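Have a look at the structure below before the remarks.
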2 protein chains.
Amino acid sequence: MYDFSADSADCARAIEAGLSDYLSGARLSGPGPAADRVIAAMRHGSLEGGKRLRPLLVRQAAAIFSVPRDAALQAGMAVEMVHCYSLIHDDLPAMDDDDLRRGRPTVHKAYDEATAILAGDALLTHAFAILAAPACHDDAEVRIRLVAELALGSGAGGMVGGQMRDIEGETSGFTEAEIATMQAMKTGALIRASVRMGAILGGADPRALSALTAYAEAAGRAFQLADDILDVTATSEAMGKATGKDAALGKQTVVARLGLEGARAMLNATVHEAISALRTFGPRADGLRATAHYFASREK
Amino acid sequence: MYDFSADSADCARAIEAGLSDYLSGARLSGPGPAADRVIAAMRHGSLEGGKRLRPLLVRQAAAIFSVPRDAALQAGMAVEMVHCYSLIHDDLPAMDDDDLRRGRPTVHKAYDEATAILAGDALLTHAFAILAAPACHDDAEVRIRLVAELALGSGAGGMVGGQMRDIEGETSGFTEAEIATMQAMKTGALIRASVRMGAILGGADPRALSALTAYAEAAGRAFQLADDILDVTATSEAMGKATGKDAALGKQTVVARLGLEGARAMLNATVHEAISALRTFGPRADGLRATAHYFASREK
């Protein structure tokens with residue numbers, strides 16, 4: 001019987017320990033020793049916080065193919081570092097201009113803007129260093145596929161492209177199709193990459209990879225729907241960041257279009273869609289099933 | 001007989017064409033189509049300009065092992081994209097706050113700060129996508145070594161760490177050793193990675209890789225010395241960017257310490273050191289020799 005709370009807590013602990021160890025200096029060295037201030041800012045922006053859902057998805061997808069938890073850790077760390085870099089840059093004054101993240105000062109508030117830009121750059125860069133190292137997986141062919149997956153998921157046709165579209169939409173307005181594309185890229189792409197990276201670690205055949213991609217795309221939409229709903233219903237205190245921002249900015253979220261009940265009905269249907277994509281996998285996919293359900297019930 | 005002008009012009013043309021093709025959209029796609037505005041900003045920050053010295057070093061190092069020019073193109077594009085991303089981010093108001101680059105508006109001037117941050121992020125991300133694609137090299141083991149080399153050269157113990165140290169030094173002052181470390185990381189690390197990536201493409205054995213690393217480290221110092229000298233002697237018009245900034249900021253460059261003649265003597269000695277490291281390679285290393293000489297004689 002899969003225990004979501006235990007597995008997600010274990011994953012969060014392992015990621016926290018893994019990142020803290022990686023970001024302690026030795027493995028960050030290049031031609032020179034890593035700069036202390038950028039290390040401190042990288043740690044501030046990536047340690048002590050976050051639900052580590054993306055590494056959990058890597059681990060859960062890999063578990064379908066009997067990959068041990070530890071063997072999915074490095075890839076999970078890489079995805080989490082990309083997620084954390086994107087938060088650091090998104091929080092900058094030129095972007096969302098947020099002072100709080102997970103209840104603590106954002107990196108540019110705790111340090112300064114230049115340091116936050118560089119810390120984000122370094123987290124992104126080292127995500128690829130982690131995937132390239134033999135500790136990630138024995139087979140170079142697997143590691144290079146992970147690099148490709150993470151790069152395309154987080155690049156101009158993925159996460160960064162979604163963030164760009166979001167900024168553009170704030171000034172020029174969105175159609176419904178444009179919202180869907182933007183959200184699929186901004187938050188969906190990295191969730192999709194996480195699941196696919198787990199599948200790649202497990203040596204998934206094309207058919208299994210395709211089913212898991214369908215799961216991931218629906219799960220990503222569910223995650224975004226839950227986020228839009230929480231932006232309306234949750235308090236800033238519970239979320240550890242500002243809420244109500246979407247409405248204040250006049251953002252065309254699904255909640256604004258369908259109302260709260262309509263958005264909740266769509267969320268449940270989307271979770272069902274994600275779970276349906278897993279039908280061929282049996283109990284080893286219980287982790288991914290539980291995460292999809294979690295997306296529908298989370299309160300922060 | 002190696003012709004530096006012809007080879008460097010050919011390399012610049014190939015890189016320009018390769019980047020323009022890559023940045024036209026199709027290969028940038030991820031889960032969604034790349035956002036037009038970020039593509040435009042990536043193009044602004046990477047096309048029509050620059051001497052493309054880093055891809056030239058990749059090509060010249062690879063040539064020692066008889067790697068054809070075309071086979072070094074993708075790796076050269078990746079290094080150049082990392083170089084261009086670093087310029088975009090360094091030019092931001094929170095960093096060097098430059099309005100001009102290569103005689104044109106910097107990316108945040110031509111677009112806006114948020115777009116410049118995202119365009120830099122995307123260029124960095126896609127540099128790794130290029131190295132991960134089979135078009136870069138048939139052998140996954142070679143491609144993953146290129147990823148590792150570029151990531152460590154441009155990360156917290158390389159280029160980004162050097163930029164961080166440079167910013168810190170502006171407020172707290174530097175010792176001579178700290179200047180050397182900062183410069184070896186800020187500009188040296190990517191030059192070193194370029195040469196080593198060419199060697200990796202060529203299947204260099206450890207001894208050859210070590211000799212080429214020694215060349216690259218000396219060449220990097222020569223490049224920086226030439227830059228410091230040009231900051232004093234060249235006009236803003238010739239350089240296409242602001243000059244005299246080092247002195248205005250009270251930066252402890254070698255020119256400030258040794259005077260112009262002392263710095264020129266050190267530049268010549270450093271070029272000699274770089275060329276000495278190539279002694280075992282014969283005429284196939286004439287490209288790298290010519291580039292080291294070029295560093296001593298360049299006027300912009």
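Naming: A, B, ... by sequence-line order, numbering from 1 per chain. Everything numeric here is computed off the predicted structure, so don't read it as measured data.
- Per-residue counts of heavy-atom pairs under 4.5 Å with chain B were compared for A:T115, A:I130, A:L123; the largest is that of A:T115.
- With a 4.5 Å cut-off on non-hydrogen atoms, A:E168 touches chain B through its side chain but not through its backbone.
- Of the atoms belonging to B:M185, it is side-chain heavy atoms, and not backbone ones, that fall under 4.5 Å from chain A.
- Inter-residue side-chain proximity for B:L118 and A:M95 is flagged as met; some heavy-atom pair is nearer than 4.5 Å.
- Here the CG-OG1 distance, from A:L124 to B:T125, works out to 4.0 Å after rounding to the nearest 0.5 Å.
- The shortest side-chain heavy-atom distance between A:Q163 and B:D121 does not fall under the 4.5 Å cut-off.
- When the shell of 6.0 Å around CG of B:D36 is examined, it contains 12 or fewer heavy atoms from other residues, nucleotides or ligands.
- Ranked by heavy-atom pairs shorter than 4.5 Å toward chain A, the options B:A34, B:A184, B:A193 are led by B:A34.
- Both the backbone and the side chain of A:R143 come within contact range of chain B, each with at least one heavy atom under 4.5 Å from a heavy atom of that chain.
- To the nearest 0.5 Å, atoms CD (A:E141) and CD (B:E141) are separated by 10.5 Å.
- Contact residues of residues 80-87 of chain A toward chain B are A:Y85 (heavy-atom distance under 4.5 Å).
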Side-chain donor-acceptor pairs of residues 144-162 of chain B under 3.5 Å, sequence neighbours excluded:
unit_1: B:E149; atom_1: OE1; unit_2: B:R196; atom_2: NE; d: 3.2
unit_1: B:E149; atom_1: OE1; unit_2: B:R196; atom_2: NH2; d: 3.2
unit_1: B:E149; atom_1: OE2; unit_2: B:R196; atom_2: NE; d: 2.7
unit_1: B:S154; atom_1: OG; unit_2: B:L150; atom_2: O; d: 2.6

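- When side chains are defined from C-beta on, B:D112 does not count as touching A:I167, because their heavy atoms never get closer than 4.5 Å.
- With a threshold of 4.5 angstrom between heavy atoms, A:L92 approaches chain B through side-chain atoms but not through N, CA, C or O.
- Chosen from B:E113, B:H126, B:R27, B:E217, the residue pairing most often with chain A at heavy-atom distances under 4.5 Å is B:H126.
- Note: B:F128 and A:F128 have parallel aromatic rings, judged against thresholds of 30 and 60 degrees for the angle between ring planes.
- The candidate with the highest count of non-hydrogen atom pairs below 4.5 Å against chain A, out of B:P31, B:A114, B:A132, B:A140, is B:P31.
- Partners of B:D139 by side-chain hydrogen bond (donor to acceptor under 3.5 Å, both in side chains), not counting sequence neighbours: none found.
- A:R221 meets the salt bridge (Lys or Arg N to Asp or Glu O under 4.0 Å) test with A:E273; sequence neighbours excluded.
- In terms of heavy-atom pairs under 4.5 angstrom with chain A, the leader among B:P93, B:A35, B:A122 is B:A35.
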